[in-house]
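To keep things clear, I will list the structure first and then write my remarks on it.
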Amino acid sequence: MIYAYIENLNGKYKNSSIEIVSYAKNIADAQGDSVIAITFNAEDSPEILYKYGADNVYNIKNEALKNFDPKVYASLISQLIEGNYIIFSHSDESTSIAPFLVKEKEAVYITNVVSQPLSFSPFKVKRNIFSGKGIAVVETSNPFLIITVALNSTGVKENPVSGREINPLITIPDDSPYKVESIEESDSKIDLKEAKIVVSGGRGMKGPENWGIIEDLAQVLNAAEACTKPVSDMGWRPHSEHVGQTGKNIAPKLYIAIGISGAIQHLAGVNGSKTILVINNDPEAPFFKSADYGVVGDLFEVVPKLTEKLKSFINNKKI
Amino acid sequence: MKILVAISCVPDTTSKINFTQDKKKFDKNGIQYVINPQDEYCLSKAIYLQEKQNAEVTIVIVGDLSVEPVMRKALAIGAQNAIRVNIEPIDSQNVAKEIAEIVKQGDYDIILLGKESLDYNGGMVPGLVAAELDLPFVNGVIGLEIENKTIKVTRELENGVELISLDLPVVLAGQKGLVEENQLKIPNIRGIMAAKNKSLNVVEAKFSDLKLKIDEYEKPKSRSHVVLVDKENLDDLIQLLHEQAKVI
Ligand SMILES: Cc1cc2nc3c(=O)[nH]c(=O)nc-3n(C[C@H](O)[C@H](O)[C@H](O)COP(=O)(O)OP(=O)(O)OC[C@H]3O[C@@H](n4cnc5c(N)ncnc54)[C@H](O)[C@@H]3O)c2cc1C
Ligand SMILES: Nc1ncnc2c1ncn2[C@@H]1O[C@H](COP(=O)(O)O)[C@@H](O)[C@H]1O
């Protein structure tokens with residue numbers, strides 16, 4: 001069995017978890033095996049997971065799991081599995097749960113994986129190192145493997161199967177030491193790590209009062225917003241939007257960098273993006289060397305114009 | 001209260017990353033090693049707790065002799081004690097076991113690690129340390145406060161932040177935000193002088209069997225040349241994004 005741990009946000013499966021199902025399905029096909037997806041308190045229909053190749057879905061729903069306790073989650077997964085591969089997303093949640101399973105199963109733990117397995121005996125796979133400035137091919141002969149797959153690195157693929165939902169008998173430990181005191185939700189609607197398009201602003205924006213320019217473009221594209229480190233350090237934007245080597249690592253389909261010079265530490269967090277568009281008034285800005293598309297010009301003039309044009313383009317497309 | 005901060009030494013963030021011709025090794029030529037940035041936030045936070053709440057801060061590095069300058073820097077920033085586990089840190093699972101051994105011997109209340117090291121980007125060691133010790137673990141920590149034997153931890157969620165309270169001891173993976181940028185501790189003259197008189201404790205490694213090895217290194221594919229679009233022709237840009245890149 002190949003196990004896929006499915007994360008959800010407000011009950012909906014994350015895109016990154018759909019990617020995990022595709023990943024597991026690919027291994028299962030290569031091994032003549034099947035995929036079991038495990039998910040806690042999700043509200044989405046398991047049909048979605050069948051579509052991407054999950055043969056069985058354990059959808060465990062329990063009030064006691066509302067507070068996230070990695071040890072409790074790990075103990076449940078451990079009660080459910082009898083196979084040699086567990087696939088997770090490379091996320092805070094998964095890298096909190098997985099280590100407890102690694103310890104219990106004496107597994108080899110491979111994180112930040114960016115390729116499908118290159119071979120199975122020995123098991124070989126590529127992983128990200130040096131913030132995307134390098135890749136390592138790693139190898140192990142250990143029979144039990146726990147893997148976390150980097151976001152948007154291997155892609156999703158439809159692979160419909162006639163899946164089945166299973167309600168297993170498990171015991172839920174109810175002595176969690178974690179007491180959640182409060183949760184504060186941010187007002188941004190789109191999760192930065194999950195977003196397909198990200199609009200990002202740097203010091204070229206001149207000040208927080210100009211952020212409407214970024215917001216308008218992001219809204220038209222249904223994109224998440226991001227920023228550079230100095231922008232968050234100066235308090236123009238929250239830390240949670242900071243991308244780069246010391247901030248979030250993202251890999252959207254389209255990254256739009258506005259008024260960002262393209263320092264090496266910034267690039268490290270975004271160079272996994274499929275396509276990069278840079279808008280900067282300095283033709284010598286280093287970012288142009290790492291971009292797919294570029295516009296040399298004053299952002300205060302170019303971006304609002306681009307936003308208007310995109311708005312009509314997208315409206316026309318819908319019709 | 002005793003706090004252990006685990007520090008990994010990583011190439012300076014501006015480093016050009018190269019591998020040897022045979023692709024078997026990382027080319028250390030000309031590389032400057034620094035405290036992993038996430039660990040710097042953790043260390044600074046720990047030093048504030050030392051100053052204000054009577055904590056005692058110890059740092060631990062798993063590494064060979066070459067990490068000693070970084071240990072001195074951590075002492076100069078204000079750590080009381082420094083421990084080095086003498087082995088090249090090539091396997092994160094072993095690194096975690098070594099750190100767990102140090103914890104077992106030292107009776108620490110808070111074990112603070114960076115969320116991710118900038119070199120191997122594993123995000124592995126903190127959780128593995130917690131699992132080895134069977135202690136509660138919180139990832140992505142951006143705030144912590146201590147009241148007697150409980151700790152209040154703020155962690156980042158995808159869509160906000162969560163405040164959790166826990167009894168000590170705990171293992172935490174910290175990140176940027178734990179202290180503000182302008183509150184990062186840097187060594188001052190007094191700290192540097194004091195560090196000279198502190199000893200670097202060296203303990204021998206216990207775990208060396210390798211279950212995962214690096215077969216070879218590669219450089220990522222570089223992007224093809226940038227296509228520049230005139231700012232008067234933004235319609236062309238939209239067409240390119242739509243038809244060529246297929247991203248809108
Ligand atoms: C240890 C360490 C870690 C770091 N980690 C990160 C990280 O994770 N993420 C990160 O982003 N940075 C990081 N940095 C900082 C990084 O080195 C750069 O300083 C930073 O990325 C620069 O941000 P910026 O592009 O917003 O600002 P600047 O470098 O000041 O660039 C502003 C750009 O805006 C352009 N501009 C100005 N006005 C206009 C206009 N009217 N129209 C169009 N363009 C305009 C300018 O030409 C310039 O290219 C780190 C640094 C260190 C030392
Ligand atoms: N060799 C090491 N010595 C001490 N601490 C380490 C070492 N490697 C990793 N760590 C700690 O574990 C964190 C995460 O590292 P990693 O799992 O490699 O991404 C780092 O930020 C450090 O706090």
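So you know, we letter chains A, B, ... as the sequences are listed, proteins then strands, and number each from 1.
The most heavy-atom pairs under 4.5 Å with chain A, out of B:K97, B:K23, B:Q244, B:K16, come from B:Q244. Here B:E216 is the residue among B:Q38, B:E216, B:K219 with the most heavy-atom pairs under 4.5 Å with chain A. Between chain A and the residues B:R223, B:M124, B:E218, B:K213, the largest count of heavy-atom pairs under 4.5 Å involves B:R223. Chain A forms more heavy-atom pairs under 4.5 Å with one residue of B:R155, B:K176, B:K231 than with any other, namely B:K176. Note: B:D134 leads B:N233, B:L241, B:L210, B:D134 in heavy-atom pairs under 4.5 Å with chain A. Of the listed residues B:D91, B:V138, B:T154, B:L135, the one with more heavy-atom pairs under 4.5 angstrom with chain A than any other is B:L135.
Counting only heavy atoms from C-beta outward, the side chains of B:V247 and A:I197 never approach each other to under 4.5 Å. A:K305 has its side chain within reach of B:E232: a pair of non-hydrogen atoms, C-beta onward, lies under 4.5 Å apart. In this structure, the side chains of B:Q239 and A:F313 come closer than 4.5 Å at one or more pairs of heavy atoms.
Of the atoms belonging to B:L237, it is side-chain heavy atoms, and not backbone ones, that fall under 4.5 Å from chain A. Only the side chain of A:K14 comes within less than 4.5 Å of a heavy atom of chain B; its backbone N, CA, C and O stay farther away. When heavy atoms are compared at a cutoff of 4.5 Å, B:L157 approaches chain A solely by way of its side chain, counted from C-beta outward. With a 4.5 Å cut-off on non-hydrogen atoms, A:I276 touches chain B through its backbone and its side chain both. Using a 4.5 Å cut-off between heavy atoms, A:I264 touches chain B through its side chain atoms alone.
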* A:K71 and B:F137: side chain to side chain contact (heavy atoms under 4.5 Å, CB included), yes or no, with the steps? -> CA-CA 8 Å; A:K71 248 201 278 188; B:F137 174 58; over 6 Å; no
* B:T14 and A:Q265: CA distance, side-chain angles, deciding distance, side chain to side chain contact (heavy atoms under 4.5 Å, CB included) verdict -> CA-CA 7 Å; B:T14 54; A:Q265 298 96 343; 3.6 Å; yes
* To do: Run the numbers on B:E158 and A:E194 for side chain to side chain contact (heavy atoms under 4.5 Å, CB included), then give the verdict.
  => CA-CA 9 Å; B:E158 287 88 349; A:E194 292 269 304; 5.9 Å; no
* To do: Show the numbers, then the answer: is there a side chain to side chain contact (heavy atoms under 4.5 Å, CB included) between B:L228 and A:F288?
  => CA-CA 9 Å; B:L228 288 179; A:F288 285 119; 3.9 Å; yes
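Scanning all heavy atoms of the two residues, the minimum distance from A:K229 to B:Y41 falls at CE-OH, 3.8 Å. Nearest heavy atoms, B:P136 versus A:P177: CG-CG, 4.1 Å. Residue A:K133 comes nearest to B:T13 through the heavy atom pair NZ-O, 3.4 Å, listed as atom of the first residue, atom of the second, then distance. In plain terms, the two heavy atoms of A:G132 and B:P220 that are nearest each other are O-CG, 3.1 Å. Shown here for B:N139 and A:S96, the closest heavy-atom pair between the two residues is CB-OG, 3.2 Å. Listed here is the closest heavy atom pair of B:K115 and A:D92: NZ-OD1, 2.9 Å.
Within 6.0 Å of NZ in A:K105 there are more than 12 heavy atoms belonging to other residues, nucleotides or ligands. No more than 12 heavy atoms of other residues, nucleotides or ligands sit less than 6.0 Å from atom CG of B:N148. Shown here is B:K104, whose NZ atom has more than 12 heavy atoms of other residues, nucleotides or ligands within 6.0 Å. Crowding of B:Q183 atom CD: a count of heavy atoms from other residues, nucleotides or ligands under 6.0 Å exceeding 12.
Between the side chain of B:Q93 and the main chain of A:Y109, a donor-acceptor pair closer than 3.5 Å is present. Distance alone, capped at 3.5 Å, is enough to place a donor-acceptor pair between the A:K274 side chain and the B:A245 backbone. In this structure, A:N112 contributes its side chain and B:N121 its backbone to a donor-acceptor pair below 3.5 Å.
The aromatic ring centres of A:F130 and B:F26 sit less than 6.0 Å apart.
If you take OG on A:S312 and CG on B:D235, they are separated by 7.5 Å, rounding to the nearest 0.5 Å. In this structure, CD on B:E116 lies 6.5 Å from OG on A:S131, to the nearest 0.5 angstrom. For the atom pair A:D69 CG and B:L166 CG, the distance stands at 8.5 Å (nearest 0.5 Å). Taking CD1 of A:I314 as the start and CD1 of B:I248 as the end, the distance is 6.0 Å to the nearest 0.5 Å. For the atom pair CG (B:D215) and CG (A:L118), the distance works out to 9.0 Å, reported to the nearest 0.5 Å. In this structure, A:K317 NZ and B:I238 CD1 are separated by 10.5 Å, a value rounded to the nearest 0.5 Å.
Side-chain N/O atoms of B:T150 and A:K179 include no donor and acceptor closer than 3.5 Å.
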